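From a predicted model like this one, the values you see are computed outputs, not experimental measurements.
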Amino acid sequence: MNEPERFNPTAERLTANYLSVMDRIQSAASRSARPTSAIQMVGVTKYVGANIARMLVEIGCSRLAESKPQMLWEKASALSDLPIDWHLIGHLQRNKAKRTIPLISTMHSLDSARVFEEIQKVTFNCDIPLKLLLEINVSGDPEKSGMLVSDAESLLQTWKETSVQCPALTIAGLMGMGSVARGKDRARGDFERLRNLRDMWQSRYEMPLDELSMGMSDDFEEAIEEGSTMVRIGSILFQ
Ligand SMILES: *Cc1c(COP(=O)(O)O)cnc(C)c1O
């Protein structure tokens with residue numbers, strides 16, 4: 001379970017943490033000769049209540065993510081006066097698609113063909129623009145979430161063959177989590193594998209797949225060095 005009130009930073013603390021993360025993103029980008037603008041910082045607010053999320057937006061971080069649809073609904077409603085770009089980074093139950101899709105610009109966690117079909121229904125009907133990233137179980141650890149490589153390949157193949165597509169809906173890239181608990185080198189290897197998969201699928205399926213959502217609090221610098229375009233940062237913002 002998420003514990004929304006696990007962290008309760010002051011505005012000063014939150015500002016300092018945010019600036020420090022942005023600084024580290026910039027350094028990692030320049031180490032790998034990439035412009036900082038190529039990396040989007042996504043603030044993961046699942047650990048905090050709407051009041052702290054509001055402070056984060058006021059500091060300048062207006063791209064926010066939740067891992068549970070219900071928590072996203074609650075925060076999006078409490079913060080509806082703010083111009084927030086909401087992302088979903090956790091599993092979407094099919095019966096929650098209709099209510100969730102209109103609230104978000106990007107879903108990092110597309111993890112099955114069945115969820116994809118449901119999303120297609122919802123977006124075809126409402127013509128809502130949405131970027132989808134395929135979540136890949138890149139470490140192959142059965143405890144981890146994400147699609148097997150073979151399932152992702154058949155989804156991409158199907159998408160390509162049935163391409164009377166709704167222009168609003170795009171498969172924009174891949175998401176993966178590194179095994180950072182087993183060390184930063186392991187995480188780096190996972191990120192490299194995800195990037196290689198992306199490069200291979202980009203040419204095989206002739207799809208842009210520009211986005212690589214990889215890197216969290218403990219491994220975002222390694223992820224950026226391996227080509228991440230979106231880092232999902234939670235705990236180090238709020239500690
Ligand atoms: C919670 C979560 C994050 C943020 O994790 P931190 O290590 O706290 O930065 C990123 N991605 C996903 C999918 C998450 O569930």
Side-chain angles (χ1 to χ4, degrees), residues 38-40 42 44 63 65-69 72 85-94 96-97 100-101 103-124 128-179 187 189-216 219-220 223-224 226-232:
I39 297 125
Q40 298 192 347
V42 184
V44 178
R63 194 179 297 113
E66 284 285 329
S67 58
K68 300 220 156 108
L72 195 147
D85 173 12
W86 281 108
H87 292 205
L88 181 71
I89 57 173
H91 179 68
L92 179 65
Q93 297 82 358
R94 281 180 298 157
K96 300 202 169 107
T100 307
I101 300 303
L103 300 174
I104 63 177
S105 73
T106 310
M107 173 170 166
H108 297 231
S109 43
L110 178 59
D111 55 6
S112 77
R114 294 173 75 202
V115 172
F116 186 45
E117 281 161 22
E118 186 62 32
I119 290 171
Q120 281 178 296
K121 273 192 224 157
V122 172
T123 48
F124 278 20
I128 298 165
L130 180 66
K131 275 189 180 184
L132 292 168
L133 311 189
L134 292 186
E135 182 181 350
I136 308 296
N137 183 343
V138 72
S139 64
D141 179 345
E143 303 277 286
K144 289 256 165 73
S145 56
M147 305 180 91
L148 298 175
V149 165
S150 55
D151 291 339
E153 286 177 336
S154 54
L155 193 154
L156 287 168
Q157 188 63 42
T158 308
W159 175 245
K160 200 160 168 54
E161 284 164 4
T162 59
S163 56
V164 214
Q165 290 144 11
C166 152
L169 196 62
T170 50
I171 297 186
L174 308 179
M175 186 269 253
M177 286 190 250
S179 331
D190 293 333
F191 299 144
E192 187 185 4
R193 228 174 356 266
L194 193 68
R195 189 191 64 227
N196 288 338
L197 275 176
R198 189 280 303 273
D199 293 349
M200 180 172 81
W201 291 344
Q202 212 164 32
S203 59
R204 184 189 297 170
Y205 302 107
E206 295 167 327
M207 293 173 120
L209 300 175
D210 290 330
E211 306 292 354
L212 280 176
S213 169
M214 47 190 208
M216 310 179 15
D219 56 18
F220 70 93
I224 290 169
E226 295 301 326
S228 172
T229 65
M230 292 178 169
V231 291
R232 310 176 309 275

request  = Evaluate the criterion side-chain contact (heavy atoms from CB on, under 4.5 Å) for residue pair Thr106 and Leu132; output intermediate values, then yes/no.
outcome  = CA-CA 6 Å; Thr106 310; Leu132 292 168; over 6 Å; no
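- Residues Gly90 and Ser109 approach most closely at O-OG, 2.7 Å, considering heavy atoms.
- Across every non-hydrogen atom of Lys68 and Leu88, the tightest pair is C-CD1, 4.3 Å.
- Put simply, the side chain of Leu110 reaches to within 4.5 Å of the side chain of Ile119, judged on heavy atoms.
- At least one side-chain heavy atom of Phe116 sits under 4.5 Å from a side-chain heavy atom of Trp159.
- Looking at Gln40 and Ser213, their side chains never come closer than 4.5 Å, going by heavy atoms from C-beta outward.
- Across all non-hydrogen atoms, the minimal contact from Leu134 to Ala152 is CD1-CB, 4.1 Å.
- Proximity of Met147 to Leu155: side-chain heavy atoms (C-beta onward) are separated by under 4.5 Å at one or more points.
- No hydrogens or angles considered: nothing links the side chains of Ser139 and Asp190 as a donor-acceptor pair under 3.5 Å.
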ask   = Passes side-chain contact (heavy atoms from CB on, under 4.5 Å), Met200 versus Glu153? Steps please.
value = CA-CA 11 Å; Met200 180 172 81; Glu153 286 177 336; 3.9 Å; yes
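- Under the side chain to side chain contact (heavy atoms under 4.5 Å, CB included) rule, Phe191 has a single partner from Asp219, Asn196, Ile224, which is Asp219.
- A heavy-atom distance below 4.5 Å is found between the side chains of Gln120 and Leu169.
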message = Walk me through whether Met214 and Val138 qualify under side-chain contact (heavy atoms from CB on, under 4.5 Å).
response = CA-CA 11 Å; Met214 47 190 208; Val138 72; over 6 Å; no
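- Here the closest non-hydrogen pair linking Glu135 and Ser145 is OE2-OG, 2.7 Å.
- Taking all atoms of both residues into account, the shortest heavy-atom contact from Trp201 to Leu209 is CB-CD1, 3.7 Å.
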inquiry  = Using side-chain hydrogen bond (donor to acceptor under 3.5 Å, both in side chains), reason through Asp85 and Ser105 one step at a time and then give a plain yes or no.
reply    = CA-CA 6 Å; Asp85 173 12; Ser105 73; 2.5 Å; yes
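- The distance from atom CD1 of Ile136 to atom CZ of Arg198, rounded to the nearest 0.5 Å, is 12.5 Å.
- In this structure, Gln202 contributes its side chain and Pro208 its backbone to a donor-acceptor pair below 3.5 Å.
- Side-chain atoms of Arg232 and His108, non-hydrogen and from C-beta on, do get closer than 4.5 Å to each other.
- Looking at heavy atoms from C-beta onward, Asp199 lies in side-chain contact with Arg195 at the 4.5 angstrom threshold.
- Contact annotation: the side chain of Leu133 approaches that of Met230 to within less than 4.5 Å [non-hydrogen atoms, C-beta and beyond].
- Between Gly176 and Leu194 the shortest heavy-atom distance is N-CD2, 3.5 Å.
- Test Met107, Arg63, Glu66 against Trp86 for side chain to side chain contact (heavy atoms under 4.5 Å, CB included) and you get one pass: Glu66.
- With Thr229 contributing its side chain and Leu212 its backbone, the two residues share a donor-acceptor pair below 3.5 Å.
- The salt bridge (charged side-chain N to carboxylate O under 4.0 Å, His left out) pairs that include a residue from residues 108-120 are Glu118-Lys121, where partners are two or more places apart or lie in different chains.
- Under 3.5 Å, the side chains of Glu161 and Gln157 contain a donor-acceptor pair of N or O atoms.
- For the pair Lys160 and Glu206, the salt-bridge criterion is met [side-chain N within less than 4.0 Å of a carboxylate O].
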